[in-house]
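Everything quoted here is computed from the prediction, not taken from an experiment. Residue numbers run from 1 in the order of the sequence given. One-based numbering, in listed order, for ligands and for the atoms of each.
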Amino acid sequence: MDRRKIIIDTDPGVDDGMAIQLALNSKEFEILGLTTVFGNVDVELATINTLRLLHIANRNIPVAIGAANPLKGTFTYGVPFVHGDDGQGNTWVPKSPLKPIELSAAEFIVQQILAHPGQVTLIAIGPLTNLVLALELNPTIADVVKEIILMGGNAFCAGNATPAAEANVLSDPEAADIVLGANWQVTMVGLDVTHKVFMHNSVLEKIAENRTPLNAYVASTFPFYRDFFVKANKIEGTYVHDSSAIVYCLKPDLFETVQCPVRVETTACISKGKTWPSLGDSDHEEGDALVPWKNRPKINICVAVNSSEVIDFITQRLIQS
Ligand code: RIB
Ligand code: CA
């Protein structure tokens, strides 16, 4: 079977850990590497957490360190109240002996896309800064990357980091606006669907019964993260953000999409980080109102999902040894 070549850009993050495990358990993938970025935690901790996951999984996959800050401004805060101070549910498991490669995330992304023209799918489950840095390093990657699948944004629903914005986009709205405006194939797996993919505590408990080293570790990071959701969202479980992007890559038929250009609010106002789709025919509408969307590529936006099938798929893959 021709395996699908992927790079995962990640900011582990509790749900990133489950998504990485899901990818590691999916034989359809040839994981070329993981690239790290600030977001849930600083990039140093994101890298430590990524290396630990691969060490526990006993997988020798390159890890390249990425951006420590957004394109504009500096990274000043993670979300310790969601993912824990360590980004892994305050489990504080010792770091692994593995080391990242010398190349930066942007250099690694460019290297791999040019080495495998038309074959590499970039799955971004954190802020999008590394993707922009890679584009700036070598703009031709837009012509030869297979697809960008990103967990982020909220096209037709409220945000989670603020009433307006989803966390990954809010962490670097300028980067998101550039990624959503570049001439490459992009699918946005945003809150429009991830807030419909709900993993009940009973499913988390069933998954945790599998005591293989990686599954036991990932399951140990969830109680803190789950407690946040119980308190913040009054739900008995968690929404499934990053793993939904992995599932989209493997089973896109479980999702419904619409195609339209998307802009990101980047000015410092209460709507900063909101992703705004334009359903109108922005290239032919008269007047200047739709100018910001004119000549922007149409993005594949996930707007509906068969959430029970997604949960079943994830559960099956995670309880495998
Ligand atoms: O909004 C959810 C996203 O923000 C997920 O990627 C989660 O890990 C955080 O990074
Ligand atoms: Ca993430």
I'd like to know if the side chain of S26 and the backbone of F29 have a donor-acceptor N/O pair within less than 3.5 Å.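 A pair under 3.5 Å: no.
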May I ask you to decide if K146's main-chain N or O and Q185's side chain share a donor-acceptor pair within less than 3.5 Å?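 It does not hold such a pair.
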Plane angle bin for Y239 and H241 - parallel if under 30°, tilted between 30 and 60°, otherwise perpendicular: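 Rings of H241 and Y239: tilted, as their planes differ by 30° to 60°.
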Once you measure the plane-to-plane angle for F75 and F38, does it fall in the parallel (<30°), tilted (30-60°) or perpendicular (>60°) bin?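 It falls in the tilted class, 30° to 60°.
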All N/O donor-acceptor pairs, side-chain side in residues 110-127, below 3.5 Å, sequence neighbours left out:
{"from": "T121", "atom 1": "OG1", "to": "R4", "atom 2": "NE", "distance (Å)": "3.0"}
{"from": "T121", "atom 1": "OG1", "to": "R4", "atom 2": "NH2", "distance (Å)": "3.0"}

Could you check if a side-chain atom of D11 sits within less than 4.5 angstrom of a side-chain atom of T36, using non-hydrogen atoms only?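 No, their side chains stay 4.5 Å or more apart.
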Side-chain polar contacts of residues 229-236 - donor-acceptor pairs under 3.5 angstrom, sequence neighbours left out - could you list them?
{"from": "K234", "atom 1": "NZ", "to": "K231", "atom 2": "O", "distance (Å)": "2.6"}
{"from": "E236", "atom 1": "OE1", "to": "N201", "atom 2": "ND2", "distance (Å)": "3.3"}

For Y225 and F222, I'd like to know if the aromatic rings sit close, meaning centre-to-centre distance below 6.0 Å.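 Between F222 and Y225, which both carry aromatic rings, the centre distance is below 6.0 Å.
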What protein N/O/S atoms are found closer than 3.0 Å to the Ca ion (ligand 2)?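 N, O, S partners closer than 3.0 Å: D11 OD1, D16 OD1, D16 OD2, I125 O, D242 OD2.
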Just checking, is any N or O donor in the side chain of R263 or S278 under 3.5 Å from an acceptor N or O on the other one?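 Judged by distance alone, the side chains do not pair up.
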Output the set of protein residues with a heavy-atom contact under 4.0 Å to ligand 1, ordered first by chain identifier and then by residue number.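 Protein residues near ligand 1 are D11, D15, D16, N40, H83, I125, M151, N160, E166, A167, N168, H241, D242.
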